[in-house]
Amino acid sequence: MKLHEYQARDILARFGVTVPDAKYAETPEEARAAAEGFGGKAVVKAQVHAGGRGLAGGVKLVSSADEAAEVAKSLIGTNLVTHQTGPEGAPVNGVLVAELTDIKTELYISIVVDAEMRTPVIMASQAGGMDIETVAAESPEKIIRVATDPVHGLWPYQARDIAIALGIPPASVRSAASLIMNLFKVFTDTDATLVEINPLVVTGDDLVVALDSKVDIEDDALFRHPDLAKLADPAQDGELERRANDAGLAYVKLDDGSVGCMVNGAGLAMATMDITLRAGTNPANFLDVGGGAQEDKIAEAFDIIVSDPDVKAVLVNIFGGILRCDIAARGVVQGATASGSLVPIVAVMRGTNAKEGLEILRDSDLNVTFADALSEAAPTIARVMAEAN
Ligand code: GDP
Ligand code: MN
């Protein structure tokens, strides 16, 4: 689950991380009052679940309270399009008004779990303020990675080494190291999947401040954090993500693809994506219906998949177990009929009641092609899509 910057900065502050003084505002009047509190000089920042706001005009420096109100008025109620949002952007329902920070240098620091190293890893770079993916692609040597001990966590000497590697002025290394220790505590105590500060800045007075705050929380740990679960903002999700979430389905939209993938289970989702890619076709999305789905839920899943305008064919890949293939097939027929979708379907069904499932699809009016195995599904999808064009 993603948090807004204004929520993440509150958490950071609670853990002793230095952040600029700031107030969240949902109206121009609130923004004006907040800026007045900072003597008029402030930065007004659109609150959306996406980075890249600066380049998209969502972060503006203002020099008076009136200007803060004007900027808030121009942002609130609009959709902000950044390189991290889709073309439709994300709705701005509020702004963060922060005191102006006198920036000397912009640094980068983040904490994620590294799947290969199987432990939280700290990534840091002197190339802060920029898009870190670009830095990673063009000058990977500018990013340092420090693996933490999976049991103990981060040692103070490691935090100090990172501060030094970041080029923090000697007099501020101790406070920077303690900030990094506190960031790590945020990561572990909130069950975060990501804590990212870009930029972490050194001010004119050599103070080290987290100027931007990004914290994502592991969905499966939210039951342990009811206070954090309340911070969810479904308005930031696309309509299809929201519907999937309501139905208890795991839906992921992917860029530049045209095959909708309905699967049961994360492993099968990955295999399905690999298979479609190998056939030279790209997945547009994948939707994991999970184990115990009923017909209605499968129907909603199918409807969500074909509501994505990028989808030109659907690969239904079900391994019957707890979810029986005949139930999945009935759900697909129900969903396809309700949505009126005409996109071709390629179906692979194995396991419990596979024969019944395939018969239900065969006897339906749907445009279904069958594949006996996953490996065969790939060329079949490619052929069906070529024929449809
Ligand atoms: P993002 O673009 O969504 O990552 O938004 P950020 O919060 O990182 O802000 C983008 C950029 O705005 C930063 O990298 C800074 O260069 C600039 N900025 C943000 N706050 C301040 C501030 O208080 N003072 C100054 N001088 N620049 C700021
Ligand atoms: Mn940023």
Side-chain angles (χ1 to χ4, degrees), residues 2-13 17-25 31 34-65 67-68 71-72 74-76 78-86 89-112 123-136 142-143 166 179 183 186 192 194-216 233 236:
K2 291 182 180 176
L3 298 178
H4 282 293
E5 177 194 11
Y6 78 94
Q7 300 164 330
R9 81 167 277 290
D10 284 353
I11 296 172
L12 261 51
V17 175
T18 312
V19 292
D21 200 2
K23 277 210 165 67
Y24 178 62
E36 254 159 23
F38 303 128
K41 284 200 187 319
V43 51
V44 179
K45 310 171 83 175
Q47 296 299 289
V48 290
H49 281 181
R53 297 166 302 167
L55 291 173
V59 176
K60 296 247 168 72
L61 305 189
V62 299
S63 48
S64 72
E67 205 186 330
V71 169
S74 72
L75 288 172
I76 295 169
T78 65
N79 270 27
L80 188 70
V81 181
T82 84
H83 73 270
Q84 288 188 3
T85 68
V92 183
N93 293 319
V95 294
L96 185 67
V97 181
E99 65 175 337
L100 208 57
T101 303
D102 169 27
I103 302 176
K104 193 157 82 181
T105 45
E106 300 199 13
L107 312 168
Y108 174 92
I109 187 160
S110 68
I111 310 169
V112 288
M123 293 199 285
S125 176
Q126 297 200 21
M130 310 178 214
D131 183 26
I132 198 67
E133 278 80 17
T134 311
V135 180
K142 287 191 181 153
I143 301 176
L166 283 174
L179 182 147
L183 278 183
V186 171
L194 171 72
V195 170
E196 184 181 54
I197 309 301
N198 190 19
L200 176 75
V201 305
V202 180
T203 68
D205 303 331
D206 282 351
L207 293 176
V208 184
V209 179
L211 202 71
D212 188 8
S213 313
K214 186 160 180 22
V215 175
D216 294 352
D233 182 2
Q236 293 291 316

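Ligands are counted one by one from 1 in listed order, and the atoms in each one are counted from 1 as well. A quick note: this is a predicted structure, and the numbers were derived from the prediction, not measured.
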### Closest protein heavy atom to atom 11 (C) of ligand 1, given as residue, atom name and distance to 0.1 Å
Val59 CG1, 4.7 Å
### Query
How close does the nearest protein non-hydrogen atom get to atom 2 (O) of ligand 1, and which residue and atom is it?
Gly54 N, 2.8 Å
### Query
Can a salt bridge be assigned to the pair Asp206 and Lys104 using a cut-off of 4.0 Å between side-chain N and carboxylate O?
yes
### Heavy-atom pair with the smallest gap, counting every atom of Gln236 and Pro91
NE2-O, 2.8 Å
### Task
For the residue pair Thr18 and Val208, establish whether any side-chain heavy-atom pair is separated by less than 4.5 Å.
no
### Summary
Heavy-atom proximity to atom 23 (O) of ligand 1 ranks first, among Thr101, Val201, Leu55, for Thr101
### Query
Sub-3.5 Å donor-acceptor pair from the side chain of Glu196 to the main-chain atoms of Val215, do we have one?
no
### Query
In terms of atom number and element, which parts of ligand 1 are under 4.0 angstrom from non-hydrogen atoms of Gly51?
3 (O)
### Message
Any protein heavy-atom neighbour for atom 15 (C) of ligand 1 (distance below 4.0 angstrom)?
### Response
yes
### Task
For atom 20 (N) of ligand 1, grab the closest protein heavy atom and report residue, atom and distance to one decimal in Å.
Leu211 CD2, 3.4 Å
### Task
Return the residue, atom name and 0.1 Å-rounded distance of the protein heavy atom closest to atom 4 (O) of ligand 1.
Asp212 OD2, 3.1 Å
#### Entry: Gly52: numbered ligand 1 atoms lying under 4.0 Å from its heavy atoms
1 (P), 2 (O), 3 (O)
### Task
Could you check whether the rings of His49 and His4 sit parallel, tilted or perpendicular, using 30° and 60° as the cut-offs?
tilted
### Query
Where does Leu100 meet ligand 1, judged by heavy-atom distances below 4.0 Å: at the side chain, the backbone, both, or neither?
both
### Task
Please confirm whether the backbone N or O of Gly51 pairs with a side-chain atom of Gln84, one donor and one acceptor, at under 3.5 Å?
yes
### Task
Among all protein heavy atoms, pick the one closest to atom 1 (P) of ligand 1 and tell me residue, atom and distance.
Arg53 N, 3.6 Å
#### Entry: Shortest non-hydrogen contact from Gln47 toward Leu96
NE2-CB, 3.3 Å
### Task
Could you tell me whether some N/O pair between Ile103 and ligand 1 is separated by less than 3.5 angstrom?
no
#### Entry: Any donor-acceptor N/O pair, Ser125 side chain to Lys142 backbone, under 3.5 Å
yes
### Task
Could you tell me which atoms of ligand 1, counted from 1 in the order shown, lie closer than 4.0 angstrom to a heavy atom of Val43?
20 (N), 23 (O)
### Query
In ligand 1, which numbered atoms sit nearer than 4.0 Å to a non-hydrogen atom of Pro199?
8 (O), 14 (O)
### Sub-4.5 Å side-chain heavy-atom contact between Ile132 and Met123
no
### Query
By atom name, which N, O or S atom of Asp212 is the nearest to the Mn ion (ligand 2)?
OD2
### Task
Please confirm whether Asn198 comes within less than 3.5 Å of ligand 1 when only nitrogen or oxygen atoms on both sides are compared.
yes
### Query
So which heavy atom in the protein is nearest atom 7 (O) of ligand 1, and how far is it from that ligand atom?
Lys45 NZ, 2.7 Å
### Message
Please check: side-chain N/O of Asn198 versus main-chain N/O of Met130, any donor-acceptor pairing under 3.5 Å?
### Response
yes
